[in-house]
Every structure is written in structure tokens, then in C-alpha cells.
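Scroll down for the structure; my scribbles are underneath it.
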Amino acid sequence: ALPENLITGITYIKVKDTNKALAFMASNYYENPSKNLKLIGITGTNGKTTIASLLYQLFKNAGFKVGLLSTVKILVDDIEYKATHTTPDSLTINKFIQEMVEIGCEFCFMEVSSHGIHQKRTESLHFEGGVFTNLSHDHLDYHDTFAEYRDVKKSFFDSLPKSAFAISNIDDKNGAVMLQNTIATKRTYALKTYADYKAIILENQLSGLLLKINDNEVWVRLIGTFNAYNVLAIYSTAIELGLEHFEVLRLLSELESVSGRFQFIVSPGNITAIVDYAHTPDALDNVLKTINDIRTKNEQLIAVVGCGGDRDKTKRPMMANIASTLSDKTIFTSDNPRSENPDTIINEMEQGVEPQNFKKTISITDRKQAIKTACQLAQPNDIILIAGKGHETYQEIQGIRHDFDDMKIVTDLLNQLNK
């Protein structure tokens, strides 16, 4: 329907799909900037931010001018802007890419969310390549079914041009699906199966990973199996973009982890605190298994876990079950309750705890109090995981954002306890 009040002097055009129309208008208005640099889209449930951010870091270290469009921030080479959504609207995307082109950026790495694809925010962009990380339970509050969520991701690869490349994690059961109908050059990466880019984990420690990638060893300062996949995605993208293989290995060894993604400190009392953004069942499972792979089992693993309000409720019991199964003690607490009652969220989480794990769990609604309790329970050499918020520096309660930084809070508390 037409707007009720038509303003004179403005031309109105009725279109079938306003999101798609806006995407093309925005691209044309900014003179199709994505055609003037190499734009790479990274999609999947977990790993998007890490891969995009580390590719930015790697190409910067290689001496290029680079752009980044991520959940955490937007970077136009060295100029930083705060991000509000994983994939900004098409007008914002084109505006920033045009800025990147103007200052001479040759590459841009962009997180591509299923919401962004579904809402046509990436339409009319010219991608040089697409990367698929993995697919697991997330955003089912937005997509009706898992199949719909998967097909939306697949549509991104379906739309890549012949001149582009499509890189997919073939260890994921949906990895092959992503490549089914794409006309782009197909490339695969894997740890478990045969692929174009293959890695083997030789050592997995809290200080990093020793990997063998396509027969060459490299030490990286990233931790855990999930990061081995991220490193492989980064390596394969850099090679497909024309960087020299030994140069890429050297650059990989210089990378530093992304804020709020498996960030850890060791306190004066020798307690390790890890802050991670894990807010899906799969990501939480990955992080806890990573810690369990590294630790010697003499020490306790204490997990502090919450679930966000006004988001996918089906995740809550699943995440509580994973946390209480894979840790020695679990404290359920608030994440960002938003407009929901935090106690209701915690009650819904508790439903997922199996009887044999009851005695390992406690619930403390106040997040700071929950972290404090974890610090008080921890003995020397113990490990505390604080999951869910990662890089966020706020907690959203009833529409108000309060200052809250997991890493700062746990650092202060552990320092106080050791005085």
C-alpha cells in the first residue's frame, strides 16, 4: 500500500521487496563500492567474528589497507566505529565500504549473519569469496526451523558469482550442502576428513596450538579445537586471495586472540579465569571440552553461565545441561535479561539439569555475585569459565544498559582475594 500522506516533490515507486530495492539503491548511490575491493563474507553459527577479525589482523600485518565489518566493531583501516548488529543495514554497509575504497583498502572482511542474508542486506554486494564455518542450534527464535536457518546460509553461497571462491568446513555435516549449487570455485577445509586444506593438531595447550597445515608445522597463540578450524579457514582464505604460503604461516604465528573470545588471565593465586562469548549450546560445549582437553583433571572447572532474555528459549535447558555435565561446579546466573525476569530464565535453564548433576549446580541471579562466588570457591590451579557475554561491557536489564565487563570484574575480584 502507498503511504497515507504523499509529500509533493518526492517520487514514490512501488516495489515487490523494499529490502532488496534498498540494497540495490544503496549500492548504486555509493557507486557500487564492493566492486572496487575484495570483499569476503564469513557465515556460520560460530567463529564468524574470530575469523573476520583475525583475517583483518593478518592482512594488516602483511602490509595492506583493510576493512572489517564485524559484530564487535567496524574498521575502515585504522579508523574504528562501534557496531550495533552482526550485519548492518545495506545503506550502512555500502557507506562504510565506499569509505574503505576511498582510503585505498584492498580487502574487506565481513561477518554475514543469517538475519542479514534473510533481510537482503547483502544483496547487490559483489563478493570475492565466501567462508562457511559450521552450523548448530541458534536463532530459532527468528528462523522457524533448523532447515530454514541452513537454507538461508546456503542462499549466500548460491548467489556468489563465478569469479568468487566458496570455502567450506567439510567436517560439518552441512558443509557439503553449502557448496551444492554454487557456481563459485569450491574449496574445502577439515581436521577429520580429506580436504583441500587439512590440519592436524599436534599440541593443544593453554598457551596455544601446534598445528600441521598441509604438511607444514605452525605454532599459533589460539587455543582449542574450534580455533584450529578458525585458523584453517583463515589460512585457506589468505591462500585463495593470493598470499604466499610460507608468508601466511608466519603471519598466523603472530595473530593475537580476539577480545572476549577465550580470553584468559592467571591470578596471583594461580587461578585461571577464562571469559568467552559462548552463548549457543554448541559454542559452550566447544569451550568446556577445550578446557577439559587441556587440564590435568586434578583441578576444578567452575562454570558461570547465563542465557539472554527475549531470545531463543529452547537453548536454555540445553546450555544448562552442557554446563552441568562438563564442569565440576556450575553457577547459573543472569546474562542480559533484557525485558524478561532473570529468575524465570534461570528456572528454565535448571529444567535441563540431569538428576546426577543437581548437586554440582547453584543459582545466583546477580551476575557479579555469581562471579564472586566462583572466585571464592576456586582453589589454586582451578579454572573459572565465565560464558555468554565475552567482549560486552554492559548488562541489559529492563531496557537499561549497566556497565558490566566480565573480564574486569573477575580480574578485580581475584586480585582482592589474593591480598
Side-chain angles (χ1 to χ4, degrees), residues 19-20 22-24 26-27 33-35 37-56 59 66-75 83-97 100 105 107-136 138-139 142-143 148-161 163-169 172 174-175 177-184 186-187 189 229-230 233-234 236-237 240-241 258 261 277 280 283:
N19 285 333
K20 196 169 181 175
L22 175 65
F24 280 92
S27 197
S34 58
K35 287 186 175 174
L37 49 63
K38 290 181 173 172
L39 177 65
I40 307 299
I42 297 114
T43 195
T45 307
N46 300 311
K48 294 187 295 291
T49 304
T50 298
I51 293 167
S53 305
L54 293 179
L55 274 165
Y56 167 87
F59 276 77
V66 193
L68 172 72
L69 291 165
S70 84
T71 332
V72 185
K73 56 189 166 190
I74 292 167
L75 287 163
T84 51
H85 297 89
T86 309
T87 314
D89 64 81
S90 43
L91 203 60
T92 311
I93 293 170
N94 281 285
K95 176 177 160 286
F96 280 121
I97 295 176
M100 292 169 194
C105 290
F107 302 93
C108 173
F109 301 102
M110 172 180 178
E111 281 187 59
V112 176
S113 69
S114 54
H115 296 58
I117 302 164
H118 190 246
Q119 293 165 14
K120 311 277 170 63
R121 291 183 232 158
T122 53
E123 286 271 351
S124 87
L125 293 177
H126 182 273
F127 284 94
E128 182 76 17
V131 181
F132 170 72
T133 63
N134 49 62
L135 206 59
S136 64
D138 197 18
H139 296 310
Y142 180 87
H143 302 285
E148 186 198 310
Y149 177 46
R150 180 198 63 211
D151 291 346
V152 167
K153 298 276 190 203
K154 181 180 176 293
S155 71
F156 170 68
F157 293 93
D158 292 350
S159 67
L160 289 173
S163 57
F165 57 80
I167 299 175
S168 185
N169 171 7
D172 187 283
N174 292 288
V177 176
M178 297 298 144
L179 301 178
Q180 264 170 11
N181 303 104
T182 186
I183 55 166
K186 299 173 186 180
R187 293 284 181 264
Y189 67 95
Y229 281 105
N230 292 338
I234 293 160
S236 46
T237 304
E240 293 299 322
L241 284 171
V258 181
R261 303 300 199 273
Y277 188 55
T280 66

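The figures that follow rest on heavy atoms only: side chains count, while hydrogens, waters and symmetry mates do not. Numbering starts at 1 and runs along the sequence shown.
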Rounding to 0.5 Å, atoms CD1 (Ile42) and OG1 (Thr237) come to a distance of 6.5 Å

Hey, are the side chains of Ser53 and Val72 touching, using non-hydrogen atoms and a 4.5 Å cut-off? no

### Message
When you measure from the side chain of Ser114 to the backbone of Lys153, do you find a donor-acceptor pair of N or O atoms at a distance under 3.5 Å?
### Response
no

Treating Thr43 as the side-chain partner and Phe132 as the backbone partner, does any N or O pair qualify as donor plus acceptor under 3.5 Å?
no

| Trace of the side chain to side chain donor-acceptor pair (under 3.5 Å) decision for Ser155 with Asp158 | CA-CA 5 Å; Ser155 71; Asp158 292 350; over 6 Å; no

Residues Thr182 and Phe157: closest non-hydrogen pair is OG1-O, 2.8 Å

Quick check: do Leu54 and Asn230 have side-chain heavy atoms less than 4.5 Å from each other? no

field: Thr49-Glu111 side chain donor-acceptor pair, cut-off 3.5 Å
entry: yes

Lys38 meets the salt bridge (Lys or Arg N to Asp or Glu O under 4.0 Å) criterion, sequence neighbours left out, with none

To the nearest 0.5 Å, atom OG of Ser163 lies from atom CD of Glu128 at 6.0 Å

Practice item. Decide yes or no for His126 and Leu39: does some side-chain heavy atom of the first lie under 4.5 Å from some side-chain heavy atom of the second? Key: no

Taking Ile117's backbone N and O only, do any of them form a donor-acceptor pair with Lys120's side chain (distance below 3.5 Å, no angle check)?
no

Closest non-hydrogen contact found for Cys105 with Gly67 is SG-N, 4.0 Å

The salt bridge (Lys or Arg N to Asp or Glu O under 4.0 Å) partners of Arg150 (sequence neighbours excluded) come to none

Examine distances only and state if a side-chain atom of Ser34 and a backbone atom of Leu125 form a donor-acceptor pair shorter than 3.5 Å. no

Fill in: Check: Leu135 main-chain N/O paired with Asp172 side-chain donor or acceptor under 3.5 Å
yes

Could you check Val131 against Leu55 for side-chain contact (heavy atoms from CB on, under 4.5 Å), going step by step and ending with a plain yes or no? CA-CA 12 Å; Val131 181; Leu55 274 165; 5.6 Å; no

Here the gap from His115 atom NE2 to Tyr149 atom OH, rounded to the nearest 0.5 Å, amounts to 8.5 Å

Exercise for the section: Report yes if some heavy atom in the side chain of Asn169 is under 4.5 Å from a heavy atom in the side chain of Tyr229; otherwise report no. Expected result: yes

Practice problem: May I have the step-by-step check of side chain to side chain donor-acceptor pair (under 3.5 Å) for Tyr56 and Ser70, ending in yes or no? | Solution: CA-CA 10 Å; Tyr56 167 87; Ser70 84; over 6 Å; no

Proximity of Phe59 and Phe107 rings by center, below 6.0 Å: yes

Open item on the list: Donor-acceptor pair, distance only, cut-off 3.5 Å: does the side chain of Ser168 make one with the backbone of Met178?
Closed with: no

- [ ] Could you check if a side-chain atom of Val66 sits within less than 4.5 angstrom of a side-chain atom of Met100, using non-hydrogen atoms only?
- [x] no

query = Do any N or O atoms from the side chain of Ser236 and from the backbone of Ala233 form a donor-acceptor pair under 3.5 angstrom?
reply = yes

Ignoring hydrogens and angles, tell me if any N or O in the side chain of Ser159 forms a donor-acceptor pair with the backbone of Phe156 under 3.5 Å.
yes

Ala184 and Leu160 have their tightest heavy-atom pair at CB-CB, 4.0 Å

Shortest non-hydrogen pair, Cys108 vs Leu37, comes out as CB-CD1, 4.0 Å

Asn46 side chain vs Thr133 backbone, donor-acceptor pair below 3.5 Å: no

Is it true that atom NZ of Lys73 has more than 12 heavy atoms of other residues, nucleotides or ligands lying nearer than 6.0 Å? no

Rounded to the nearest 0.5 angstrom, the CZ-CG distance for Phe109 and Leu75 is 12.5 Å

For Ala26 and Ser90, the nearest pair of non-hydrogen atoms, with its separation, is CB-O, 3.8 Å

For Val112 and Lys48, the nearest pair of non-hydrogen atoms, with its separation, is O-CD, 3.7 Å

Item to complete: Measure the shortest side-chain to side-chain distance between Thr122 and Met110 over non-hydrogen atoms and say whether it is less than 4.5 angstrom.
Response: yes

- Between Asp89 (side chain) and Thr92 (backbone), is there a donor-acceptor pair under 3.5 Å? yes

Rounded to the nearest 0.5 angstrom, the CG-CG distance for Asn174 and Leu179 is 11.5 Å

#### Entry: Side chains of Ile97 and Leu69 in contact at under 4.5 Å (non-hydrogen atoms)
yes

Across all chains, not counting sequence neighbours, the side chain to side chain donor-acceptor pair (under 3.5 Å) partners of Asn181 are Lys154

Here the gap from Asn19 atom CG to His118 atom NE2, rounded to the nearest 0.5 Å, amounts to 9.5 Å

